Every structure is written in C-alpha cells, then in structure tokens.
Amino acid sequence: MLIAQISDCHIRDHEGWFGRLVDTTETLGLVVEHLLALEPAPDVILATGDLTDDGTPAQYAILRDVLAPIAERIVPLPGNHDEGPFFRLAFADLLPADTAVDHCSYVVDRHPVRLVGLDTSLPGRHDGLFDADREAWLEEALSADDRPTLVFTHFPPFDTGLVFMDQAGVSNADRLRATIERHPHVRLLVTGHLHRPIQTNTA
Ligand SMILES: [Fe+2]
Ligand SMILES: [Fe+2]
C-alpha cells in the first residue's frame, strides 16, 4: 500500500501579503500533476489540514476544483485554518457516514493499513484540543482492530523547536501521545501544520 500526503495547501480567493509571495492554487495544481505522474501511483493521498486559508465555501470550491483529478484518492482532514461545517459540506462525498459528530474524525477501513483520522481543530481558533471526547473516540477507534494502523491529524503532538508553532499547538499532547503508545499496532503518526518536513520517533 502506497500512501502520499499533501498538507497546508492554504487555498485563498484573495491576495493578502502572503498571496504576493506564492500562488497556492497554482502550487497545488503542480502538486496534483506530480501525484498523477507517480509510478506506481499512490493508493491514497492524505490531506492533513489547512486545506484552505479561511475555510470559506468559495475557497473550498477552488480546492475541490484543483483536486478533481485525484479526488477519489483524497482522505481529507481539517486544520486550524479550515472551518468544520464548510469543510464537511465541501467533502461530503468523501467523508464516511459514521464521521464523529462534534469533530471531523473518522476511520478508513478498506485498505491493508487502517487509516485513523483525528480532528483536533476548534471553530474560530488556531490552537487544537485533545479533550476527553476525542480521547475516547481515538481509544475506541484504535481498540477496534489490531491491523497495522496509521493515525493522521493536523497538529503534531510533540515539540518541534519552532517556538511560534509549539506555543499554539494541540492541548493535552501528552495524553494524545500516551493514547497512541498504548496501541503498538499504530506504525506511524502523520501530521500537518508545520509547513516543513520534521520527523521524530518514540525512542
Ligand atoms: Fe498551515
Ligand atoms: Fe495549521
């Protein structure tokens, strides 16, 4: 099973100061072209949040348009720049019917590796929350099956050394790490938010 990841596309429908630096719609289009050219082709493409900059319907319309050639392989999760209700509407065709109600967390069970998506984003805020409800959801999702599992979420539950990122991360990150570590069949935790590749391990 081949898994690709895209993240933090930050699709916008206005320029702003950041927009003068990079056209995110054009950049994502190039990413889609690259993914389409990969041989062998990835089976799934995780999209780990901040898929739009402001979470508006107009921005989701642009996003879905750019992602159309790879839409059936996209496994989407919101980040702090997305807005839950509009995110759910935009990806209604890809989100399972049993997606959690109060957060957009869900499990994809149709591949050799189970994909467990944990949404810790909060409406109108830029930090994340791993509360008792999300902990219970994750515990149940990981206890349901002991096949090899990948957990994906927007906020990394570890310090990166990037102070401005670490100060506005996910709360109760230690509880999130502990929940995952109770389930050794979780082979990998994949996150977004950092806008750069950073890896760590649990050793
Ligand atoms: Fe981001
Ligand atoms: Fe983010």
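Every heavy atom of this structure was used, including side-chain atoms; hydrogens, water molecules and symmetry mates were not. Just so you know, these numbers come straight off a predicted model, no measurement behind them. Counting starts at 1 for both ligands and their atoms, in listed order.
Considering only heavy atoms from C-beta on, Trp137 comes within 4.5 Å of Leu118 through its side chain. Looking only at side-chain heavy atoms (C-beta outward), Leu63 and Phe87 stay at 4.5 Å or farther from each other.
Around the Fe ion (ligand 2), the protein N, O or S atoms found under 2.8 Å comprise Asp50 OD2, Asn80 OD1, His154 NE2, His193 ND1.
The environment of Arg125 atom CZ is sparse: at most 12 non-hydrogen atoms of other residues, nucleotides or ligands sit within 6.0 angstrom.
Contacts of Asp159 classified as side chain to side chain contact (heavy atoms under 4.5 Å, CB included), with partners at least two apart in sequence or in another chain: Asp166. Residues satisfying the side chain to side chain contact (heavy atoms under 4.5 Å, CB included) test with Arg175, not counting sequence neighbours, are Phe130, Glu135, Asn172.
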Using residues 77-85 as the side-chain source, report each donor-acceptor pair under 3.5 Å to any protein atom, sequence neighbours left out, with the distance given to one decimal.
residue : atom : partner : partner atom : Å
Asn80   : OD1  : His154  : NE2          : 2.9
Asn80   : OD1  : His193  : ND1          : 3.2
Asn80   : ND2  : His126  : ND1          : 2.8
His81   : ND1  : Asp53   : O            : 2.8
Asp82   : OD1  : Leu51   : N            : 3.4
Asp82   : OD1  : Thr52   : N            : 3.2
Asp82   : OD1  : Thr52   : OG1          : 3.1
Asp82   : OD1  : Tyr60   : OH           : 2.8
Asp82   : OD2  : Asp50   : N            : 2.8
Asp82   : OD2  : Leu51   : N            : 3.1
Asp82   : OD2  : Gly79   : N            : 2.8

